[in-house]
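Accompanying notes for the structure given below.
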Number of protein chains: 2
Amino acid sequence: MTAHHGFGATLVGLAVLIQRRHAQICAEHDLTPAQAQLLCMIKDQPRGMTELAQLMGLAKPGLSGLVDRAERRGLVCRNTPGYDRRAVTLSTTPLGKDAIEALFADVSDRLPDILEGLSAQDQHLFEHLVNAVAATAGVPLHFGGRGECGDRGESTATACGDC
Amino acid sequence: MTAHHGFGATLVGLAVLIQRRHAQICAEHDLTPAQAQLLCMIKDQPRGMTELAQLMGLAKPGLSGLVDRAERRGLVCRNTPGYDRRAVTLSTTPLGKDAIEALFADVSDRLPDILEGLSAQDQHLFEHLVNAVAATAGVPLHFGGRGECGDRGESTATACGDC
DNA sequence: TATTGTTATACTCTATAACTATA
DNA sequence: TATAGTTATAGAGTATAACAATA
């Protein structure tokens, strides 16, 4: 890498900035970031516990506890599909579905505010580059609205057609 | 903001990606991210508990516990300056200082790897934009190597002189 | 009275190990 | 035996409230 010394630390600072703002918006919706991530991942289809644990980068006991707390709050529910009596699938309740949709809209609205110090052109450029990094570096999960990892791999923001 | 719908969620995904990699590098150095942040903030000068709590965005009891654990591990030590017998200042031990310097070097080396899918030119551009966002949006703390918030505010990466 | 820092308590998140029930 | 999920236990991080000592 040709990055300047200290850039790694700046990236960490940026990540902290983003996550703090995200956590604050989550709190206004009475959700924790982990609950939001969980809801995000099952909002379109139910998933099994093992699959969820892998997607979220958690060990299974960690997921069990997270689900316990979310279930206690009426956000998700466990289902037992017929084909395997060991299995559990998790889906959102209507309350959980509403919560994650409202949160997603709010995050989409307000989180990009961190860029407001940039010119409109630079904001545009930054957005392209972040999308390229996210696509390339395998952004962990389905934080996006598109259900699955969006992976259109064009990284040449400098030569972006639709600008 | 003119950002596309879903971009806020992509930013969160990027933040998670960065923090996961950061946490992993911290773990290799036998530090938690919170301990790293703490050490980073006192590596050049001792600070009082109240000041530290404000800088780190923590309530004071949270900081007390963090310091307890770091002290137990020999990373920091509490000092009692003469001028106010209520006050406590915190400084690094030699062990703590070595640990944070080694970590910082490693983070600087390896964290920018997340950009390796971009062209060299786009990496450069991205670094400029991130620096501009960090300067503008007030990146929370002294994750950088420069001790205090670097705030050269030029945001026009597209017209950057030294490229 | 206001401030510095701590202790007490509680909850979320996460990890490892041991366990149950099913396949 | 292998897999799905849970329970048990532990520790880090964070919050609020109550407290101590000093200013």
Side-chain angles (χ1 to χ4, degrees), chain A residues 16 19-20 22-24 26-42 46-73 75-91 140-141, chain B residues 15-16 19-20 22-24 26-39 41-42 46-73 75-91 140-141:
Chain A
V16 170
Q19 300 225 78
R20 279 194 192 172
H22 181 240
Q24 184 191 334
C26 285
E28 291 172 19
H29 288 256
D30 209 20
L31 292 173
T32 66
Q35 286 168 347
Q37 186 188 3
L38 176 64
L39 286 170
C40 207
M41 224 129 26
I42 59 170
R47 292 187 195 268
M49 300 294 276
T50 298
E51 181 189 7
L52 276 173
Q54 285 170 346
L55 285 171
M56 299 181 67
L58 288 177
K60 286 193 295 180
L63 179 62
S64 276
L66 182 60
V67 168
D68 287 347
R69 293 185 291 274
E71 194 174 33
R72 226 180 287 139
R73 298 195 31 198
L75 297 167
V76 302
C77 61
R78 286 175 160 100
N79 319 109
T80 54
Y83 52 84
D84 183 340
R85 277 159 49 200
R86 297 169 303 179
V88 167
T89 62
L90 201 70
S91 40
L141 340 109
Chain B
V16 169
Q19 299 225 72
R20 278 193 193 173
H22 181 239
Q24 184 191 333
C26 285
E28 290 171 18
H29 288 255
D30 210 18
L31 293 173
T32 66
Q35 286 168 347
Q37 185 187 2
L38 176 65
L39 286 170
M41 224 129 26
I42 59 171
R47 294 186 194 268
M49 299 294 276
T50 299
E51 182 191 7
L52 276 172
Q54 285 170 346
L55 285 171
M56 298 181 69
L58 286 178
K60 286 194 295 182
L63 181 61
S64 276
L66 183 58
V67 168
D68 287 348
R69 293 185 291 274
E71 195 174 32
R72 224 179 290 139
R73 297 196 31 198
L75 298 167
V76 303
C77 61
R78 287 175 160 101
N79 319 109
T80 55
Y83 52 84
D84 184 339
R85 277 159 49 199
R86 296 169 302 180
V88 167
T89 62
L90 201 70
S91 40
L141 339 111

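Only a predicted model underlies this, so the values are computations on that prediction, with no experimental measurement involved. Every chain is numbered from 1, with letters handed out A, B, ... down the list of sequences.
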Handout entry: Pairwise distance CD(B:Q37) to NE2(B:H22) - rounded to 0.5 angstrom
Key = 9.0 Å
Practice task
First locate atom CG of B:L75, then atom CD1 of B:I42, and finally report the distance between them rounded to the nearest 0.5 Å.
Solution key: 9.0 Å
Practice task
Would you mind telling me which of B:L38, B:L66, B:L58 makes a side-chain contact (heavy atoms from CB on, under 4.5 Å) with B:L52?
Solution key: B:L38
Practice task
Please find the earliest and latest nucleotides of DNA chain D, in the 5' to 3' direction, that have an atom within less than 4.0 Å of any heavy atom of chain A.
Solution key: D:dA2 to D:dA8
Work out which heavy atom in [X] is nearest to a heavy atom in [Y]; give both atom names and the distance.
{"X": "B:M41", "Y": "B:R47", "result": "O-NE, 2.8 Å"}
{"X": "B:A15", "Y": "A:Q19", "result": "CB-CG, 3.5 Å"}
{"X": "A:R20", "Y": "B:M56", "result": "NH2-O, 3.1 Å"}
{"X": "B:P33", "Y": "B:C26", "result": "CA-SG, 4.1 Å"}

What is the separation between atom [atom1] on [X] and atom [atom2] on [N], rounded to the nearest whole Å?
{"X": "A:M56", "N": "C:dT14", "atom1": "CE", "atom2": "P", "result": "7 Å"}
{"X": "A:D30", "N": "C:dC11", "atom1": "CG", "atom2": "P", "result": "15 Å"}
{"X": "A:L58", "N": "C:dT12", "atom1": "CG", "atom2": "C1'", "result": "12 Å"}
{"X": "B:Q19", "N": "C:dC13", "atom1": "CD", "atom2": "P", "result": "15 Å"}
{"X": "B:Q54", "N": "C:dG5", "atom1": "CD", "atom2": "C1'", "result": "13 Å"}

Report which part of the nucleic acid [X] touches: base, sugar-phosphate, or nothing (heavy-atom distance under 4.0 Å, all strands).
{"X": "B:L63", "result": "nothing"}
{"X": "B:R78", "result": "sugar-phosphate"}
{"X": "A:T50", "result": "sugar-phosphate"}

Practice task
Find which nucleotide of DNA chain D each of B:R72 and A:D68 is nearest to by heavy atoms, and output the residue with the more 5' nucleotide.
Solution key: A:D68
Fill in the blank from the handout: Walking DNA chain D from its 5' end, the first of A:G48 and B:T32 to be reached, judged by nearest nucleotide, is A:G48
Problem - Distance test, side-chain N/O of B:S64 to OP1/OP2 of C:dG5, below 4.0 Å - result: no
Practice task
Map B:A87 and A:G65 onto DNA chain C by nearest heavy atom, then report which one ends up closer to the 5' terminus.
Solution key: B:A87
Handout entry: Within-4.5 Å side-chain heavy-atom neighbours: A:M49 and A:K60
Key = no
Problem - Check: B:N79 side chain, B:P81 main-chain N or O, donor-acceptor pair, under 3.5 Å - result: no
Check nucleotides 16-22 of chain C for protein N or O atoms closer than 3.5 Å to its own N or O atoms and list the pairs.
from: C:dT22; atom 1: O2; to: A:R86; atom 2: NH1; distance (Å): 3.2

